[in-house]
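Accompanying notes for the structure given below.
Any value given below was found using the heavy atoms of this structure, including those in side chains, with hydrogens, waters and symmetry copies removed. Proteins get letters first, then strands, A, B, ... in listed order; numbering begins at 1 in each.
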Amino acid sequence: MTEAPLIVPGTAGPRSSGAEGQDDLLAGLNPQQLEAVTYRGPALLIVAGAGSGKTSVLTRRIASLLRGREAWPSQILAITFTNKAAGEMRERVAGLIGDAARGMWISTFHSACVRILRREAEQFGFTKSFTIYDSGDTRALLKRLVKEHEADAYGLTPASVMGRISKLKNELSDAESYARQANMSDPVERKFVELFADYQRQLRKANAFDFDDLIGQTVYLFRAFPQVADTYRRRFRHILVDEYQDTNHAQYALIHELTRPVSSDAPDPYASNGMMIFEPETTPALEGASLTVVGDSDQSIYAFRGADIRNISEFERDFPGARVVLLEQNYRSTQNILSAANAVIGNNFDRKDKKLWSDKGDGDAIIGFTGYSQHDEAQFVADEIEVLRRAGMPYSEMAVFYRTNSQSRALEEIFIRSAVPYKIMGGTKFYERAEIKDALAYLVAVANPADEMSVRRILNKPRRGIGDVTETAIARFAEEHDISFRDALANSAQLGFGPKIQAAIAHLDAVLAEATAIMLPASGELPAPTTVADGLSLLLSKSGYLDSLRASRDPQDEARVENLDEFVAVARDFARNNPEGTIVDFLTEVALVSDADDLDDESGTVSLMTMHTAKGLEYDAVFVTGVEEDLIPHRISAGEPGGPQEERRLFYVGITRARKRLHLSLAMTRAQFGEVTVAMPSRFLQEIPAALIDWRQSPGDVNSRGGMQSRALNARRSGGFGGSGSGDRFGVKALPGRDSLKPLSTAMDKFPNRVTAKMRDNGDLELTAGDRIRHVDFGEGRVDAVTGEGAKRIAHVRFDTAGQKKLLIKVAPIEKI
DNA sequence: CTAGCCATGCTTTTT
DNA sequence: GCATGGCTAG
């Protein structure tokens, strides 16, 4: 959440006289911001429009509490949506008040709950080293259960069951409570309840929580053990929640639990327990913690996943006496961009009217472009990026947004060819790659041997000749002897397998045991800081995992080895930053990283991401691509209640990320599922006043054959298209044949996240200034200069018709003539 | 038990 | 158009 710094000339508001030494905290705030920082009371809602400086306000509010000695750091709990946002907030608070910032809890809902759960796990049948199941783990488990229960016969798929369970958990429902009100005469319902209950049983048996449990079980813990809840209520006196519009019911309930008055004066079990609780004066009964929430209902884009907009719209009812502060001045964007944003969001009914304004002046017009295909559109983006770059804007200040991850492919292809350095946020996530999940499973097998799923996962990775039959036999043996799956491996001799398989199992058991000895020393001795990385290396090499990848001829396996190296490096990094960190800490951190947390902005690359991921970020120049019906708003949203409105908010979030330059682009045809379909301009385009957009190539220009047809903006399904003419002119078949394809590991260095780099490889094509070349899309041209080295050699070409381009020689579809 | 072939379904968004 | 999963042959 990088908001514009709040140094706004000439708007220094009235000074609060109450607090001393806070002038710098209050400097430059507008009156509303000032109130948001200085108001004191039980509950405060800050309605913060996009770019209105909410992060500054939040951090200053925290700093002001600390500096005024109104709170100890340990009494503050600040909750953000992503780890990245949490890190930034911590940094900014530290920047304001220095080291005193340590000891505060600034974290996501999920990390905060994990911390609490780890402390209290033993209260209700878990151990401190429980594992966290991410959605992939959950899916895998449900897949097994659906099969075992033969639930597919009832039309239940792992995905549908997963969705329903998640939804229920977000409503704080569990299998029993759901069963009580479900229509149990319906066999499908009965089956679902059966699955839900079994799923929960399996989680417990595996000593694991899924994502939703982290929140839900914490709420359960607080409700079931009031004295536990009281310790946290005593401790956290100031709770601040960012992105409140995205909270779901479970998160709402958690906040509610934490802000209740402390009823009992039960002795504090942690007071003598080493946990740092600063309690200036010990009062027997304590009123509820003060709550500050910040949100913008216009930016609520996670209803699909249970976020409940009512949490914010009914805040005043839920917390009587709450103060509401509105921040409407935007310090980020030009007025043109804001006017477009206001116009779009104004079409949502049922919202509190709120108009963002800026004193930055109109700025440049919004630029519109309609491509023939998604490749054409991508080329426009790439070209425009180069124009901006030449005008002095760094790549790191530009971002390209899209609705669905699959849209990134076309952009990527063109960017590689045009030598635009880019970085994809999210997409195929590092921690979801098979090899990383395998490595993690090895670690989990050590850290939490009760987690059967992880042990099963690595059982035959690398191939050890252990198949289904053997796996089932081990499971049966474990059950018969009432031991865990993991412990069954230690008795390989009694399993009754052939010598080969027996040896394989014994070896795996030995490797796991050896790693356990390193990473979880039996007695109190502290493991060395490098222990996680060492243990990981040991597991990967002694298990034979790395060797089998290295031996493979599959080029993708080479990239997998690199990814694993990277993962070991992550572990070392972790050790450096957390000298006392245990394997469990490491796994926790890894389980809770998200897309938005990706590697820090290395300067010098354009960022590509979905509009969802873009929330909370800002850039000088923004490209919103694929502004088409069925994409934004997405087709699937049409049938969902509130769907189209949420899509509009998503689009609104996208365009309000831009500071100076906004580009809206679309394509007239788009390949989906390998089929080319006709795309219509998004209805949202019509909602933007025409005067604000400067169309480089409007939908009308592209669609009308012969120029008679009126602008496609208003056209329904205008048949005038399918012809073989314009549609294919660009892109579509522009990609070179895929025969001489080899992965280009060197050029991919910068993008370690991608394994599947099937790309043309010109290899050693020699080019020098003066050469004539032919390009598949751009035709003939002359090489002006060649820069860079090796795989990154770039040809600067002046095309006869297409103008100046930069091309990555290794991959560009070019030939010398 | 594995490898290789074929069919299917997939693309909304994520802590 | 791709990846995954299921099936079959060896």
A:Arg464 or A:Glu646, whichever maps to the more 5' nucleotide of DNA chain B:
A:Arg464
Relative to the ring of A:Phe236, is the ring of A:Tyr232 parallel (under 30°), tilted (30 to 60°) or perpendicular (over 60°)?
parallel
Stacking between A:Phe109 and the base of B:dT15 (centre distance under 5.5 Å, interplanar angle under 30°)?
no
If you look at every strand shown and take non-hydrogen atoms under 4.0 Å, does A:Asp212 touch a base, only sugar-phosphate, or nothing?
nothing
Under-4.0 Å side-chain N/O to phosphate OP1/OP2 contact, A:Lys615 with B:dT14:
no
Is any side-chain nitrogen or oxygen of A:Asn405 closer than 4.0 Å to OP1 or OP2 of B:dT13?
yes
Looking for any heavy atom pair under 4.0 Å, which part of the strands does A:Lys500 touch: base, sugar-phosphate only, or nothing?
nothing
Among B:dT12, B:dT15, B:dT2, which nucleotide has an atom closest to any side-chain atom of A:Asn460?
B:dT2
Would you kindly give the CD1-to-P distance between A:Ile501 and B:dC1, to the nearest whole Å?
6 Å
Using 0.5 Å steps for rounding, measure from the CZ atom of A:Phe130 to the CG atom of A:Asn207.
8.0 Å
Round to the nearest Å and state the distance from A:Phe209 atom CZ to B:dT15 atom P.
20 Å
Does the plane of the ring in A:Tyr302 sit parallel, tilted or perpendicular to the ring in A:His612? Use 30° and 60° as the thresholds.
tilted
Rounded to the nearest Å, what distance is computed from the CG atom of residue A:Leu592 to the C1' atom of nucleotide B:dT15?
8 Å
Whole-Å distance separating the NZ atom of A:Lys461 from the P atom of B:dT2:
11 Å
For the residue pair A:Tyr619 and A:Phe401, does the interplanar ring angle fall in the parallel (under 30°), tilted (30 to 60°) or perpendicular (over 60°) class?
perpendicular
Please report, rounded to the nearest Å, how far the C1' atom of B:dT11 is from the CZ atom of A:Arg403.
10 Å
Rounded to the Å, how far apart are A:Ile632 CD1 and B:dT12 P?
13 Å
Does A:Thr80 have a side-chain nitrogen or oxygen under 4.0 Å from the phosphate oxygens OP1 or OP2 of B:dT15?
no
For a quick check of understanding: with a heavy-atom distance under 4.0 Å over all strands, which category does A:Thr470 fall into, base, sugar-phosphate or nothing?
sugar-phosphate
Any donor-acceptor pair under 3.5 Å between the side chain of A:His110 and the base of B:dT15?
yes
Ignoring backbone atoms, test whether A:Asn248 places a side-chain nitrogen or oxygen under 4.0 Å from the OP1 or OP2 oxygen of B:dT15.
no
Would you say B:dT14 has OP1 or OP2 under 4.0 Å from some side-chain N or O of A:Thr613?
yes
A:Phe222 and A:Tyr220 aromatic centres sub-6.0 Å:
no
A:Phe304 atom CZ is separated from B:dT13 atom P, nearest whole Å, by 8 Å
Distance check: side-chain N/O of A:His634 vs OP1/OP2 of B:dT12, anything under 4.0 Å?
yes
Would you measure the distance from the C1' atom in C:dG6 across to the matching atom in B:dT11 and give it in whole Å?
22 Å
Determine the Euclidean distance between corresponding C1' atoms of B:dT12 and C:dG5; express it in Å to zero decimal places.
23 Å
Closest to the A:Val469 side chain, choosing from B:dT11, B:dC1, C:dC2:
B:dC1
Is the ring pair A:Phe586/A:Phe567 parallel, tilted or perpendicular, if the boundaries are 30 and 60 degrees?
tilted
Rounded interatomic separation in angstrom, taking CE from A:Met609 and P from B:dT14
12 Å
With a 3.5 Å cut-off and heavy atoms only, can you find an N or O donor on one side and an acceptor on the other between the side chain of A:Arg463 and the base of B:dT2?
no
Under 4.0 Å between any heavy atoms, over every strand shown, what does A:Ile466 touch: base, sugar-phosphate, or nothing? Just pick one.
sugar-phosphate
